[in-house]
J.: 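Submitted below is the structure of interest, expressed as structure tokens.
All values reported here derive from a predicted model rather than from experimental measurement. Order of the sequence lines sets the chain letters (A, B, ...), proteins ahead of strands, with each chain counted from 1. Heavy atoms only: backbone and side chains are in, while hydrogens, waters and symmetry mates are out.
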Amino acid sequence: MPPMRTRFAPSPTGALHVGGVRTALFSQLMARRSQGSFLLRIEDTDRKRSEDRYIDGILDGLRWLGIDWDEGPFFQTQRSDLYRDAIGKLVASGSAYPCSCTPEELEKHREEAKAAGTRTSYDRHCRPGVGPGPIEGRPTSIRMAAPLEGEVVFYDEIKGRIAFAAEEIEDFVIARSDGTPTYQLVVAVDDADMEITHVVRGDDHVNNTPKQILIYQALGLEPPAFAHLPLVLGKDKKRLSKRHGAASVLEYRDLGYYPDALVNFLARLGWSHGDQEIFTRDELVEKFAIDDVNPAAGVFDAEKLDWLNAQYLRARSPDELAADLRAFAAREGTELRGDAAWQARMVSTLRERVATLRELLDSARYYLEDDLVFDDAAVKKLLTPDAAPLLEALIARLEGLHSWNVEDLEAAFRAVADAHDQKLGKLAQPVRVAVTGGKQSPGIFEVLDVLGRDRTLARLRTGVETCRG
RNA sequence: GGUCCCAUCGUCUAGUGGUUAGGACGCCGGCCUCUCACGUCGGUAACGGGGGUUCGAGUCCCCCUGGGACCA
């Protein structure tokens with residue numbers, strides 16, 4: 001496989017969203033697989049809508065996800081000379097021509113064509129040899145002289161042959177009257193100049209492709225291969241947007257997702273390799289093939305992402321997970337209680353019950369804080385007068401316990417329950433509420449083991465008071 | 001409205017003319033059990049419709065329907 005050069009070319013007019021990330025990922029994977037290069041180009045020609053904070057967000061997002069680039073970032077605003085040269089060449093060779101039509105005239109033509117039921121695209125008024133030509137002295141834009149007949153065909157790596165009839169391609173503008181180049185021109189010139197071999201981008205660009213091919217041809221350049229990825233849809237099958245949750249990928253970081261999990265999830269959205277669900281980065285590079293990408297759009301399934309993230313989270317060792325949690329909490333400006341060893345014991349009791357670091361931190365509350373948040377219904381149901389003697393017997397027993405570990409705690413619980421002729425649950429549940437505030441938690445012996453003797457006994461004593469009302 | 005693209009369980013998908021249409025998420029149930037999870041075992045659920053081609057179509061062709069994108 002010859003080395004490919006691919007690129008990701010976002011415009012900084014909004015946050016980097018998951019659809020963009022997937023495009024970047026597939027593009028990078030193709031380059032890596034072929035031992036080629038992946039470039040990053042910021043399409044900031046739309047000065048009015050481009051903002052620096054979006055550029056930072058895009059860069060941060062890609063870095064967080066580990067989708068790194070080999071060249072760039074390049075900025076189109078710094079490459080104006082290149083575009084001006086290309087436009088000059090195009091005009092000189094007759095492939096493009098000046099057009100003096102005003103927006104009003106264009107609009108008028110559109111209205112008339114609409115009323116007459118004819119084509120509303122540009123009528124080539126200023127095209128040499130076709131229309132009357134431009135009016136002297138007026139400012140001019142530059143238009144491509146698109147072919148009048150035949151068709152423009154390309155073979156998409158994902159969708160196969162795509163053809164556009166020439167009459168569907170109007171004489172589009174490549175430079176505005178103020179001289180600034182348009183998107184079509186800039187993209188084609190940049191991709192050519194950067195020697196991109198495979199343009200991987202969203203489905204929404206399919207209709208632009210023939211125009212760009214025309215520019216390549218007019219400049220005497222060989223067009224690259226194209227791969228148009230189907231879009232990522234929301235649960236309502238509409239194009240993913242803010243309404244569907246996270247607008248920016250960085251929100252997933254703040255929600256406590258692992259970058260590897262998000263990358264794995266996005267890779268599997270529209271691509272598959274047999275029945276495999278979990279892929280390491282190396283496997284992705286090794287197994288990714290554009291031919292295996294599904295041509296149909298896919299729905300972003302947040303529940304499956306949660307499952308996948310949980311798989312990644314559980315694959316971490318307790319020490320690693322504790323470190324992850326410390327870093328996560330630090331991002332929010334909080335420091336975790338206790339030392340690393342204690343934190344590792346804590347997270348190992350919680351890890352099977354959460355999908356994200358956010359959930360892990362939230363669920364660790366009763367370990368980290370001493371002012372418990374009580375579930376009223378649980379208190380009412382379990383911290384009853386009946387439970388008081390059981391709890392008191394347990395307190396007495398625990399006070400006399402020589403060692404504080406899971407085995408001895410369990411033995412103590414069983415002894416107390418047996419002495420009162422009760423099942424273990426009758427004791428464990430009230431203890432759970434007294435110690436954690438709620439009726440669900442990890443195994444109660446593990447919880448007490450992590451909590452330690454003093455904190456446990458203090459909570460149990462408060463619990464007894466609650467039982468007595 | 002014009003052009004282009006798409007179509008297997010609710011969702012992500014396997015499938016390249018002959019399969020009891022497989023897997024994963026979710027959901028439901030059993031087991032495990034101090035609760036909740038995890039785990040494990042089992043279950044629910046799909047080829048949008050109609051025509052062809054063929055001995056035989058989820059797989060090939062056409063039409064319809066539906067969805068999406070771009071342009072207006």
J.: Does a side-chain N or O of A:Arg414 approach OP1 or OP2 of B:C34 to a distance below 4.0 Å, or not?
T.: yes
J.: Taking only the side-chain heavy atoms of A:Arg432 (C-beta and beyond), determine which of B:C12, B:U35, B:G26 contains the nearest atom.
T.: B:U35
J.: Find out whether A:Thr140 and A:Cys99 are in side-chain contact, i.e. whether some heavy atom of one side chain is under 4.5 Å from a heavy atom of the other.
T.: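 Sidechains of A:Cys99 and A:Thr140: no contact.
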J.: Looking at RNA chain B, which of residues 274-294 of chain A put a heavy atom within less than 4.0 Å of it?
T.: A:Asp275, A:Glu277, A:Asn294
J.: Please check: side-chain N/O of A:Arg33 versus main-chain N/O of A:Glu286, any donor-acceptor pairing under 3.5 Å?
T.: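 It does hold such a pair.
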J.: A:Glu151 CD to B:U3 C1': how many Å, rounded?
T.: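 Value for this atom pair: 14 Å.
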J.: Does A:Arg351 reach a base, just sugar-phosphate, or nothing at all? Heavy atoms under 4.0 Å.
T.: nothing
J.: Rounded to whole Å, how long is the line connecting atom CD of A:Glu168 with atom P of B:A72?
T.: 14 Å
J.: For nucleotides B:U44 and B:U3, find the distance between their C1' atoms and express it as a whole number of Å.
T.: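 So the two C1' atoms sit 42 Å from each other.
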J.: Using a 4.0 Å heavy-atom cut-off across all strands, classify A:Pro442 as base, sugar-phosphate, or nothing.
T.: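 The answer is base, as A:Pro442 lies within the cut-off (heavy atoms under 4.0 Å) of a base atom.
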J.: Assess whether atom CG of A:Asp371 is packed by more than 12 heavy atoms of other residues, nucleotides or ligands within 6.0 Å.
T.: yes
J.: So what's B:C47 paired with, Watson-Crick or G-U wobble, going by both distances under 3.5 Å?
T.: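 Across all strands, not a single nucleotide pairs with B:C47.
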J.: Given A:Phe265, which of A:Tyr312, A:Tyr257, A:Trp307, A:Phe300 fulfils the ring pair (Phe, Tyr, Trp, His ring centres under 6.0 Å) condition?
T.: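 Going through the options one by one, the only one that passes is A:Phe300.
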J.: For atom P, what is the distance between B:G66 and B:U54, given to the nearest Å?
T.: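 Taking atom P in both B:G66 and B:U54, they lie 31 Å apart.
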J.: Judged by atom type as modelled, is there a donor-acceptor pair below 3.5 Å linking the side chain of A:Asp44 to the main-chain atoms of A:Gln76?
T.: yes
J.: Considering only B:A7, B:C12, B:C34, which nucleotide approaches the side chain of A:Leu424 most closely?
T.: B:C34
J.: Identify, between A:Lys439 and A:Glu303, the residue whose nearest nucleotide on RNA chain B lies closer to the 5' end.
T.: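 This one resolves to A:Glu303.
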J.: Tell me: OH of A:Tyr155 to C1' of B:C5, nearest whole Å?
T.: 17 Å
J.: With sugar-phosphate meaning primed atoms plus P, OP1 and OP2, does A:Gly443 contact a base, only sugar-phosphate, or nothing at under 4.0 Å between heavy atoms?
T.: base
J.: Rounded to the Å, how far apart are A:Leu266 CG and B:U11 P?
T.: 19 Å
J.: Any strand is fair game: report the nucleotide pairing with B:A21 by Watson-Crick or G-U wobble, both distances under 3.5 Å, or none.
T.: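 None - no nucleotide pairs with B:A21, as no candidate has both distances under 3.5 Å.
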J.: Which of these nucleotides, B:U35, B:C5, B:C12, is closest to any side-chain atom of A:Val299?
T.: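 Among the listed nucleotides, the one closest to the side chain of A:Val299 is B:C12.
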J.: A quick test of your reading: do over 12 heavy atoms of other residues, nucleotides or ligands sit less than 6.0 Å from NZ of A:Lys287?
T.: yes
J.: When the P atoms of B:G48 and B:U59 are considered, how many whole Å apart are they?
T.: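 To the nearest whole Å, 8 Å.
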J.: Could you list the protein-to-nucleotides 38-49 of chain B atom pairs, N/O on both sides, closer than 3.5 Å?
T.:
| from | atom 1 | to | atom 2 | distance (Å) |
| --- | --- | --- | --- | --- |
| B:C38 | O2' | A:Glu352 | OE1 | 2.9 |

J.: C1' atom, B:C41 versus B:U35: distance in rounded Å?
T.: 22 Å
J.: Counting heavy atoms from C-beta on, name the nucleotide in B:U13, B:C4, B:U35 closest to the side chain of A:Phe164.
T.: B:C4
J.: Contact class for A:Gly270 vs. all strands (heavy atom < 4.0 Å): base, sugar-phosphate, or nothing?
T.: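 Touches sugar-phosphate only.
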J.: With under 30° as parallel and over 60° as perpendicular, where do the rings of A:Tyr367 and A:Trp342 fit, or are they tilted in between?
T.: perpendicular
J.: Protein-nucleotides 58-68 of chain B N/O pairs closer than 3.5 Å?
T.:
| from | atom 1 | to | atom 2 | distance (Å) |
| --- | --- | --- | --- | --- |
| B:G68 | OP1 | A:Lys238 | NZ | 2.6 |

J.: Just wondering, are more than 12 heavy atoms of other shown residues or ligands nearer than 6.0 Å to CZ in A:Arg337?
T.: yes
J.: Would you call the rings of A:His205 and A:Tyr183 parallel, tilted or perpendicular, taking 30° and 60° as the class edges?
T.: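 Ring orientation, 0 to 90° scale: parallel.
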J.: Identify the nucleotide, in any strand shown, that forms a Watson-Crick or G-U wobble pair with B:C60, with both distances under 3.5 Å; if there is none, say none.
T.: B:G52
J.: Checking contacts here: which listed nucleotide (B:C5, B:G23, B:C70) is nearest the side-chain heavy atoms of A:Asn207?
T.: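 Shortest atom-to-atom distance from the side chain points to B:C70.
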J.: Within this structure, what is the CG-to-P distance between A:Asn309 and B:C12, rounded to whole angstrom?
T.: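 Distance, rounded to whole Å: 20 Å.
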J.: Under 4.0 Å, counting only non-hydrogen atoms across every strand here, what does A:Ala417 touch: a base, just sugar-phosphate, or nothing?
T.: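 Nothing, no heavy atom under 4.0 Å.
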J.: Between B:A46 and B:U19, how far apart are the two C1' atoms, rounded to whole Å?
T.: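 My reading of the C1' atoms in B:A46 and B:U19 gives 15 Å.
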J.: Decide if atom CD of A:Glu149 counts as having more than 12 heavy atoms of other residues, nucleotides or ligands within a radius under 6.0 Å.
T.: no
J.: Please tell me if A:Ser441 has a side-chain N or O lying less than 4.0 Å from either OP1 or OP2 of B:C36.
T.: no
J.: Is B:G39 paired to anything, Watson-Crick or G-U wobble with both distances less than 3.5 Å, and if yes, which nucleotide?
T.: B:C31
J.: Could you please name the partner base of B:C70, counting Watson-Crick and G-U wobble pairs only when both distances are under 3.5 Å?
T.: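 B:C70 is paired, partner B:G2.
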J.: Tell me which nucleotide, if any, is Watson-Crick or G-U wobble paired with B:U16 when both distances must be under 3.5 Å.
T.: none
J.: Please determine whether a side-chain nitrogen of the Lys or Arg among A:Arg41 and A:Asp191 lies less than 4.0 Å from a carboxylate oxygen of the Asp or Glu.
T.: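 Counted as a salt bridge, because a side-chain N and a carboxylate O are separated by less than 4.0 Å.
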J.: Could you tell me how far apart A:Phe265 (CZ) and B:U11 (P) are, to the nearest whole angstrom?
T.: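 Going from CZ in A:Phe265 over to P in B:U11 covers 14 Å.
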J.: From the list B:G2, B:C4, B:C34, which nucleotide is the closest neighbour of the side chain of A:Glu446?
T.: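 Given the options B:G2, B:C4, B:C34, the side chain of A:Glu446 is closest to B:C34.
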J.: Any ion pair linking A:Arg414 and A:Glu410 (charged N to carboxylate O, less than 4.0 Å)?
T.: yes
J.: Determine the interatomic distance between P on B:C9 and the same-named atom on B:A14; round to the nearest Å.
T.: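 It works out to 12 Å between them.
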J.: I'd like the C1' distance from B:C28 over to B:G10, given in whole Å.
T.: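 Rounded to whole Å, the distance is 14 Å.
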J.: Keeping A:Arg459 on the side-chain end and A:Val435 on the backbone end, is there a donor-acceptor pair under 3.5 Å?
T.: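 A pair under 3.5 Å: yes.
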J.: How are the rings of A:Phe288 and A:Phe26 set to each other: parallel, tilted or perpendicular (split at 30° and 60°)?
T.: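 Because their plane-to-plane angle lies in the 30° to 60° range, the rings of A:Phe288 and A:Phe26 count as tilted.
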J.: Look at A:Glu399 together with A:Arg461 and state whether they make a salt bridge at an N to O cut-off of under 4.0 Å.
T.: yes
J.: In whole Å, what separates the C1' atom of B:U20 from that of B:G58?
T.: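 Per the computed distance, 15 Å lies between those C1' atoms.
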J.: Quick check: do A:Ile196 and A:Asp190 have side-chain heavy atoms less than 4.5 Å from each other?
T.: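 No - every pair of side-chain heavy atoms lies 4.5 Å or more apart.
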J.: Calculate the interatomic distance between A:Leu269 atom CG and B:C12 atom P; express it in whole Å.
T.: 8 Å
J.: Could you tell me how far apart A:Lys159 (NZ) and B:U3 (P) are, to the nearest whole angstrom?
T.: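 That distance rounds to 18 Å.
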J.: Return whichever of A:Val206 or A:His273 has its heavy-atom-nearest nucleotide of RNA chain B closer to the 5' end.
T.: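 On the 5' side of the pair lies A:Val206.
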J.: Can you tell me the pairing partner of B:C9 across any strand shown, Watson-Crick or G-U wobble, with both distances under 3.5 angstrom?
T.: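 Here B:C9 is not engaged in any pair, so there is no nucleotide opposite it.
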